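Notes for the one structure printed next.
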Amino acid sequence: MLISEEPAHETYRVIVFGRSGKEILLWRSDAGLHFPHVTIPRWQRVAEHVRVAMKEQWGYEVICLFEMDSPLEGKNTSLYVVTSYWRTSGQCAAPLQWISVNDLAENSFVEPADYLASRSSLDQCGAVGGNGVSGLFGQLSWFQQLCQWVEAVIAKKGLRLNGNFRQLNASPTFSLIRFETNGPAVWFKAVGDPNEREFPITVTVARLFPQYAPEILDTFPEWNGWLMCEAEGTNLDETTDPLPWQAAAAAVANLQIESIHSLQDLADCGAHDLKVSTLRNLVSPFLDVAAGLMKKQSKTPPPVLGEIELGILEERIQEALCLLEDLAIPNSVGHLDPNPANLIVTRRRCVFLDWAEAYVGHAFFTFQYLLEHFRRAGAHSLSQQRLVASYLAPWEQIASRDRVLEAAERAPLLAVFAYAAGPGTWAYPERLDDPKIAGYLRGLVRRMNREARKLSERRSPCLS
């Protein structure tokens, strides 16, 4: 029996508008007009790979605005990336020409979908006659404005742009770009819904804890954006050496301890509320939703948890939360997604780059997420034990070793619960209609159940 595999690459048709939006870049065959197209690796950053491919294959540098699905339904629909022309560079795979958007008709294109895509993208990016329904970074002129602002900011440090940059994503409401200068590189990042909180949290963390953040050169509040110096060091996701991981674990703990007296500032910025008192109120309603999702599971395996099992799980989560509260370890800043790609480690410090999923609550949840990444990187058990020790050691300066170990023992169960219940995705019925979200939440509940059983087995007295 042959098993079909998803292709390793995807082909995108690239819609390139001139800076004014009055012209569009196309190539002509005997049959009609075509968009230039590029093939890039699947599951990679589309904007970054499209820009490289357009430069190498077609000789044009572009600014990616947003991705767009085919306006026609069917199995063989095409993928599109809408872009703005930046400059010409190198040789073309085929001669391209600028054509006025006013001269385009439905029969101008070989593929009917391409004409519909051109009209839709015109409307979205605010080109001639368009409504500009897309977000700021989906508009044609934003990059020129950004470059002017960056130039003005870095000039205060005696720096200037050298013309080279990397665009890492293309979205109407998000932007991440690395600019090269005549000195150190700088990064521009901007965020939109649902991660708008990342902007004020990032600025606040940089102000309160500069040792753990890249230097912010300036902010662009209207764009929810900021310009920061590039952090130098070892990117944690690029190494399996346990020493940088241990340094990062200790840095996480020290940052959290330093944050204990600044939690109101972080809460005011929009950090998730994952305090024990808040989580206790979520247990019952969350597991009620989980019970409904379990009933909707269409096939097994994986196992379906029934009402009795979920009832026992609820008791164990509440017991663990009550004990955690009794241990009285102070709340701190935490992170629901301490992705190793966003941790830069040097001999002197650890820099945290992404605060979209910051929370205020029990500190040890964060370490559980970091430990999970370490396990996935293939760390052996001894390295894991040393990582745990590196994280817990700073906490023993403010709480007894027994209390720290008691809290750490319950963290695996409660960290999964906080991750699943805290952000509140489960509270929106329309989201639970998505089979992927429903399946993911069921998986997290099963993980909670496994962790609760492990905890119960460890805590049960031995029978003589």
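Since this is a predicted model, take the numbers as computed values, not measurements. Hydrogens, waters and symmetry mates play no part in the numbers below; they use all other heavy atoms, side chains included.
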Under 4.5 Å between any side-chain heavy atoms of [X] and [Y], yes or no?
| X | Y | answer |
| --- | --- | --- |
| Trp245 | Val345 | no |
| Leu392 | Phe364 | yes |
| Leu387 | Pro242 | no |
| Arg166 | Arg51 | no |
| Gln256 | Trp395 | yes |
| His373 | Asp337 | yes |
| Ile40 | Tyr12 | yes |
| Val445 | Leu313 | yes |

Ion pair present between Glu307 and Lys295, side-chain N to carboxylate O less than 4.0 angstrom? yes
Looking at Glu372 and Arg375, is there a salt bridge between them, counting it only when a charged N and a carboxylate O are closer than 4.0 Å?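 Answer for the salt bridge query: yes.
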Given the side-chain rings of [X] and [Y], with only the six-membered ring counted for Trp, is the space between their centroids under 6.0 Å?
| X | Y | result |
| --- | --- | --- |
| Phe137 | Phe66 | no |
| Phe188 | Phe165 | no |
| Phe209 | Phe352 | no |

I need the Leu414 CG to Gln368 CD distance, nearest 0.5 Å.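 Between atom CG of Leu414 and atom CD of Gln368 there are 9.5 Å.
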A quick test of your reading: do over 12 heavy atoms of other residues, nucleotides or ligands sit less than 6.0 Å from [atom1] of [X]?
| X | atom1 | value |
| --- | --- | --- |
| Ile308 | CD1 | no |
| Arg431 | CZ | yes |
| His272 | NE2 | yes |
| Gln297 | CD | yes |
| Asp69 | CG | no |
| Arg349 | CZ | yes |
| Arg403 | CZ | yes |
| Tyr419 | OH | no |

Ignoring hydrogens and angles, tell me if any N or O in the side chain of [X] forms a donor-acceptor pair with the backbone of [Y] under 3.5 Å.
| X | Y | value |
| --- | --- | --- |
| Glu457 | Lys454 | no |
| Trp355 | Pro200 | no |
| Thr83 | Ile15 | yes |

With no hydrogens and no angle check, just 3.5 Å: does a side-chain donor-acceptor pair link Glu258 and Asn254?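 Distance-only check fails for Glu258 and Asn254.
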Using a distance-only test with no angle check, is there a side-chain donor-acceptor pair under 3.5 angstrom linking Gln145 and Ser141? no
Parallel, tilted or perpendicular, as decided by the 30° and 60° cut-offs, for the rings of Trp86 and Phe143: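 Correct class here is perpendicular.
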